[in-house]
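Inspection log for the structure reproduced underneath, given as structure tokens.
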Amino acid sequence: MDGYLRAGRIASEVRERARKKYHVGSTLFEICESVESQIREKGAEPAFPVNTSLNEIAAHYTAEPNDQITVKEGDILKIDIGVHVDGYIADTAVTVCYDPKYGLMVKAAEAALAEAVRMARINTKASDIGKVIEGIITKMGYKPIQNLSGHSLQQYVIHAGKSIPNIWTFGSSFGLLGTEAYAIEPFATTKDGLGIVRDGKVKNIFGITSRKPSKDSDADRLLEHIWAKYKTLPFALRWLTKDYEEARLRSLIETLLKKKNVHAYPILVEGNGRMVVQAEHTIIPNESGATVITG
Ligand code: MN
Ligand code: MN
């Protein structure tokens, strides 16, 4: 619990700073590096590369080394932050919006999250949380993204197997435990959105799947270097360019991808190309409510 609380407090402080900052004119590289260095300065580590997903990209975009993509007026930027202390992970996100016509959509995701957090306690059914999230987003005139969901968390594991849906789902569900942490993360799009995300072409977040030697000695050295630093947690190429020249790094990662030692997470894009917003907290349920560790 102590690791979760420390990670949560740091994630919350960094998120609030990101919420208040004016990002127009900054590159995604600057935003990612700045948020991650704040996490490290506070004595924790990023649990995954900061996600800076713009507009119709719902999730899983992090800056490439020296990424020059710049936030501009009219953009909607989801900043999704993971912090870990000894592997105990706090996962939280904020949407900053530079187009006033989407301000209410941001509020819809935030209102859905607030109500989900308010109802969560030991034995709350995950399907009931999904129903409430869908109800609030729909009532406010928007559409939840149905194939993105919250998740249980375990030490060093971000997606630990259980899903907290953002819609009402048929069939059996599970009740929340007091011994587990859960991320709840409503995503919303406009009514003319598909409400479903698809994999995009871009992949710039990676994770180790196997440490079985690839038989390429340079690639294996890189694999062990990554393992020593990040274990099974996701990583970005930006995090490795201090030790490896970029072109060389890309070719070694290509080898590790081919040998299935490493996998890549594609960006997730709204099916009709519509704008997407997100809000997220990590909670630990108790008998009377839940501790919002990122609150
Ligand atoms: Mn997140
Ligand atoms: Mn999450």
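In what follows, every heavy atom counts, from backbone to side chain, and hydrogens, waters and symmetry copies are set aside.
The shortest side-chain heavy-atom distance between E270 and M275 does not fall under the 4.5 Å cut-off. Between I129 and M119, some side-chain heavy-atom pair lies under the 4.5 Å cut-off. You'll find the side chain of E30 stays beyond 4.5 Å of the side chain of V35, heavy atoms only. Put simply, the side chain of F235 reaches to within 4.5 Å of the side chain of V262, judged on heavy atoms. Taking 4.5 Å as the limit, some side-chain heavy atom of T241 sits within range of a side-chain heavy atom of L249.
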Compile the donor-acceptor pairs under 3.5 Å between side chains in residues 196-208 and protein atoms, sequence neighbours left out, one pair per line.
{"residue": "N204", "atom": "OD1", "partner": "T62", "partner atom": "N", "Å": "3.1"}
{"residue": "N204", "atom": "ND2", "partner": "T62", "partner atom": "O", "Å": "2.8"}
{"residue": "N204", "atom": "ND2", "partner": "E64", "partner atom": "OE2", "Å": "3.4"}

Identify every side-chain donor-acceptor pair in residues 93-103 under 3.5 Å, counting partners at least two apart or on other chains, and give the distances.
{"residue": "T95", "atom": "OG1", "partner": "Q278", "partner atom": "N", "Å": "2.9"}
{"residue": "T95", "atom": "OG1", "partner": "Q278", "partner atom": "O", "Å": "2.6"}
{"residue": "Y98", "atom": "OH", "partner": "H23", "partner atom": "N", "Å": "2.9"}
{"residue": "D99", "atom": "OD1", "partner": "K101", "partner atom": "N", "Å": "3.0"}
{"residue": "D99", "atom": "OD2", "partner": "K101", "partner atom": "NZ", "Å": "3.2"}

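Y230 is linked by a side chain to side chain donor-acceptor pair (under 3.5 Å) to nothing, counting only residues two or more places apart in sequence or in another chain. When the side chain to side chain donor-acceptor pair (under 3.5 Å) test is applied to T294, the partners found at least two apart in sequence or on another chain are H281. Not counting sequence neighbours, H84 has no partner by the side chain to side chain donor-acceptor pair (under 3.5 Å) test.
With a 6.0 Å cutoff to the six-membered ring centre and a 45° limit on the axis angle, R221 does not count as a cation-pi contact of W227.
Within the structure, every pair that satisfies the side chain to side chain donor-acceptor pair (under 3.5 Å) test and touches residues 5-17, not counting sequence neighbours, is listed here: E13-K42, R15-T92, E16-R19.
Here D243 pairs with K229 in a salt bridge; the nearest charged N to carboxylate O distance falls below 4.0 Å.
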